[in-house]
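Okay, so here's the structure we're looking at.
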Amino acid sequence: MHAYRTHTCGQLRAADVGQTVRLSGWVNRRRDHGGLIFIDLRDHYGITQCVIEPDCAAFSTVDAARSEWVLTLTGKVVARTPDTVNRDLPSGEIELRIETAAVQGQAQELPMPVFGDHDYPEETRLTYRFLDLRRERLHDNIMLRANIVTSLRRRMIEQGFTEFQTPILTASSPEGARDFLVPSRRYPGQFYALPQAPQQFKQLIMVAGFDRYFQIAPCFRDEDGRADRSPGEFYQLDLEMSFVTQDDVFAAVEPVLAGVFEEFARGKTVTKPPFIRIPFAEAMLKYGTDKPDLRNPIEIVDVSDVFARDDVEFKAFKKKTVRAIPAPGAASQPRSFFDKLNEWARGEGAPGLGYVTFEDEGGNLVGKGPIAKFIPAAAQAELVKASGIQAGDALFFAADKTERAASLAGMARTRLGRELGLIRDDEYKFCWIVDFPMYEWNEDEQKIDFSHNPFSMPQFDRDAFLALDKGDRDTILGLKAWQYDIVCNGYELSSGAIRNHDPDVMLKAFEIAGYAREETEEKFKGMLNAFRYGAPPHGGTAPGIDRIVMLLAGEENLREVTMFPMTQSAQDLLMNAPAPANPKQLKELHLRVVYPEK
RNA sequence: GGGGGCGUAGCUCAGUUGGUUAGAGUGUCGGCCUGUCACGCCGAAGGUCGCGGGUUCGAGCCCCGUCGCUCCCGCCA
């Protein structure tokens, strides 16, 4: 007989009755009836009830065992009597009658019980992650993650992509997030950087002629965390293809994502390809964000013109961008509902959130509420027409400079959707956001910045682009890029582009963003050089693995789908990182620590 | 870097207007219990009320500071 087990704890059934078997696992639960002890033995595969009576030689061993001790139990599989069958347990028709018992590992009093589905503070869960990972919810989430990754790999390989590894120790990149730096021992004062993404490598792989690349790639960015953004590191399904247009990339990615979501959606509906494409500008108008949750039926409309009318006397909205957010059925909400939203808007830095409710009076929709009296019937009729609202609905207004009005309207849309219960939670709704602006105006530094990915190809004639100069500011800020995001249920799942593979256009693109040609040459030497020896047109994208798993697991926090996450403040409480380096290490690396003052 | 929430027994939490000895559940330990599966019953131990300072006759509670976790803003090509 095997030293530890003949079966797993999830394996034994009525058909195994009579066999002598050996199980190993953790004590999930111990029930002591004095003369009779039940042990629920748990391993990765399941739970089997084991029972022992006092006349057995192993009794004292089992009697001493406590929760989470690791035991090896040997004995006969017996059928439970009909009245003691446990229907909730796959192994519930049988139990193991313990004959011998061995303790493989004891457990101290637990800082966090494994049994049960109670919530525990993040700090405890992270410090004792190995215990948390034993618990059903996290254990299942991590297995789901593994299965999703396997499925993604299979789907990519089936589409003719090849997985390549790229370096972890590489060069720092300008633009983008803060880098993690790794000091060089051999070159005093010089540093490697961890890749923010394998961006340049995958483009070099295309130049090298490999045609279709993918990788489950670790990415490192030294930025602060959020619920949907791990601090420090995360994983992407990084992919790149040669000789493709935007449509080709979409056609390659859609079946992979739709497929993997179908596979793991557990009954929820998934958008069928092709996913709809929403231009960035339209998304900002209709949804007030570039990552709209399309499960929310509310669509924002611009009503600046209505409030600009001479017969509308509401001064607060004059000469501003005014966006209207229809709130279906909200007219019947109590006054407190509107007050709460107004208070929330103030908290977001807005002057407030005006509203008009609409009711049917003799076949006409009539506006009610604090600001309705400033809007004459003709203007109200225009609001109704523009927003498509009906009797019993309300219309909220966000008024400000265009960008702020759009953003506030977007947040109000999300909030209203949630509070009015308009968002179905049994759907995964995908869309592409396309036609991102290439550049944006940096108000603080009074300069032009890359809006998103500096490696994207501008949607503009090559010669005309090369001829742009400072005087063409409006043209430059109006430029679109071959740049696209995939959004699902309000989460940005993926960002990608058709790349700029033309060294002249690339130098020009960086020059517009304020980088001297020499600087760009220096920073991107490897890639620019490669582009001068025959570069194919190419493009790709990189769906975030962690967010995909989070969505499919129905979680709202990445730590629930990450095996060993850091805290929001980027500490690893289990391994105790970061930690001071010892003097010998520092000396070898030619480093001296200068602590911040105060 | 900034704002909000939280921090009381191993764990989850309650704790009144600032007032006697800070409670409950769970876990732990001891006793009883042969069919439980959140087993049950009896009993016990267990507290730097995150930390430091202040106000007060008196602080878990009020004030100031600080630390940690978390959510958000900034940041995230």
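Bear in mind that the values here come from a model prediction, so they are computed numbers and not experimental data. The chains referred to below are lettered A, B, ... by the order of the sequence lines, with proteins before strands, and numbering in each begins at 1.
Remark: R559(A) is in phosphate contact with C71(B), judged by side-chain N or O atoms under 4.0 Å from OP1 or OP2. The side chain of R221(A) contributes no N or O atom lying less than 4.0 Å from OP1 or OP2 of C75(B). OP1 or OP2 of C37(B) has not a single side-chain nitrogen or oxygen of N28(A) nearer than 4.0 Å. Here R31(A) does not reach the OP1 or OP2 of U36(B): none of its side-chain N or O atoms lies under 4.0 Å away. Contact annotation: R125(A) does not reach the phosphate of C11(B) (side-chain N/O to OP1 or OP2, under 4.0 Å).
The pair E560(A)-R137(A) meets the salt-bridge criterion, with a side-chain N (NZ, NE, NH1 or NH2) lying under 4.0 Å from an Asp/Glu carboxylate O. Between R29(A) and D40(A), no side-chain nitrogen of the basic residue sits less than 4.0 Å from a carboxylate oxygen of the acidic one, so the salt-bridge criterion is not met. A salt bridge is defined here as a Lys NZ or Arg NE, NH1 or NH2 lying under 4.0 Å from an Asp or Glu carboxylate O, and E518(A) with K523(A) fails to meet this definition. Salt-bridge check for D16(A) with R13(A): failed, with every basic side-chain N at 4.0 Å or more from each acidic carboxylate O. Taking a cutoff of 4.0 Å between a charged side-chain nitrogen and a carboxylate oxygen, R80(A) and E93(A) do not qualify as a salt bridge. Between E53(A) and R97(A), at least one side-chain nitrogen of the basic residue sits less than 4.0 Å from a carboxylate oxygen of the acidic one, meeting the salt-bridge criterion. Look at E109(A) and R66(A) and you find no salt bridge, because none of the NZ, NE, NH1 or NH2 atoms lies under 4.0 Å from a carboxylate O.
Not a single donor-acceptor contact under 3.5 angstrom links the side-chain atoms of R66(A) to the base of G27(B). Counting distance only, with no hydrogens placed and no angle test, the side-chain atoms of D224(A) and the base atoms of G74(B) include a donor-acceptor pair under 3.5 Å. Under 3.5 Å, the side chain of R229(A) and the base of C76(B) form at least one donor-acceptor pair of N or O atoms.
Across all strands shown, E123(A) has heavy atoms under 4.0 Å from sugar-phosphate atoms exclusively, and none from any base. Residue-level contact check: R499(A) touches neither bases nor backbone, having no heavy atom under 4.0 Å from any strand. Q568(A) comes within 4.0 angstrom of a base, heavy atoms only. Heavy atoms of T84(A) sit under 4.0 angstrom from at least one base atom. Residue contacts shown for I37(A) are absent, as no nucleic acid heavy atom lies under 4.0 Å away. If you check every strand for non-hydrogen atoms under 4.0 Å, R29(A) touches sugar and phosphate atoms only. Counting any heavy atom pair closer than 4.0 Å across all strands shown, D222(A) reaches no nucleic acid atom. Residue P454(A) is classed as a base contact, given a heavy-atom separation below 4.0 Å to a base. Here H118(A) lies in heavy-atom contact (under 4.0 Å) with sugar-phosphate atoms only. Across all strands shown, D179(A) has no heavy atoms under 4.0 Å from either base or sugar-phosphate atoms.
In this pair, H118(A) and Y120(A) present their aromatic rings tilted. The plane angle is within the 30 to 60° band.
Using P as the reference atom, G60(B) and C49(B) are 8 Å apart when rounded to the nearest Å. Between C29(B) and G58(B), the two C1' atoms lie 37 Å apart (nearest whole Å). Comparing the same atom, P, in U55(B) and in A14(B) gives a spacing of 31 Å after rounding to whole Å. Only the C1' atoms considered, G30(B) is 10 Å distant from A45(B), to the nearest whole Å. Only the P atoms considered, G27(B) is 30 Å distant from C71(B), to the nearest whole Å. When the C1' atom is compared between U8(B) and G68(B), the two are found 16 Å apart, to the nearest whole Å. The separation of G74(B) from U66(B), taken at their P atoms, amounts to 24 Å, rounded to a whole angstrom.
Rounded to an integer number of Å, the gap from CZ of R87(A) to C1' of U36(B) is 16 Å. D132(A) has its CG atom 13 Å from the C1' atom of C11(B), to the nearest Å. Whole-Å rounding puts the D83(A) CG to C39(B) P distance at 18 Å. Distance R30(A) CZ to C33(B) P: 15 Å, rounded to the nearest Å.
For S569(A), whose side chain is taken as the heavy atoms from C-beta onward, the closest listed nucleotide among U12(B), C69(B), G35(B) is C69(B). When distances are taken from the side chain of L36(A) to each of C72(B), G10(B), U34(B), the shortest belongs to U34(B). For E109(A), taking side-chain heavy atoms from C-beta onward, the closest of the listed nucleotides G10(B), U34(B), C33(B) is G10(B). Distance from the side chain of Q571(A) is smallest to C69(B) among C69(B), C39(B), G10(B). With U12(B), C69(B), C71(B) as the choices, the nucleotide that has an atom nearest any side-chain atom of P121(A) turns out to be U12(B). In the set C33(B), C69(B), C75(B), C75(B) carries the atom at the smallest distance from any side-chain atom of R178(A). Listed nucleotides G27(B), U36(B), G10(B) differ in distance to R80(A); the shortest reach to its side chain belongs to U36(B). The side chain of P54(A) lies closest to U34(B), out of C37(B), C71(B), U34(B).
Pairs of Watson-Crick or G-U wobble type, with distances under 3.5 Å, assemble into runs of 3 or more in RNA chain B at these ranges: B:1-7 with B:67-73, B:10-13 with B:23-26, B:28-32 with B:40-44, B:50-54 with B:62-66.
Residue order along RNA chain B, read from the 5' end via each residue's closest nucleotide, puts M566(A) first among M566(A) and Q196(A). Mapping Y120(A) and E95(A) onto RNA chain B by nearest heavy atom places Y120(A) at the nucleotide closer to the 5' end.
Ring to ring, Y213(A) and F201(A) are not that close: their centroids are 6.0 angstrom or more apart. A distance of 6.0 Å or more separates the ring centres of F450(A) and F436(A).
Side-chain atoms of T127(A) and T124(A) include no donor-acceptor pair closer than 3.5 Å.
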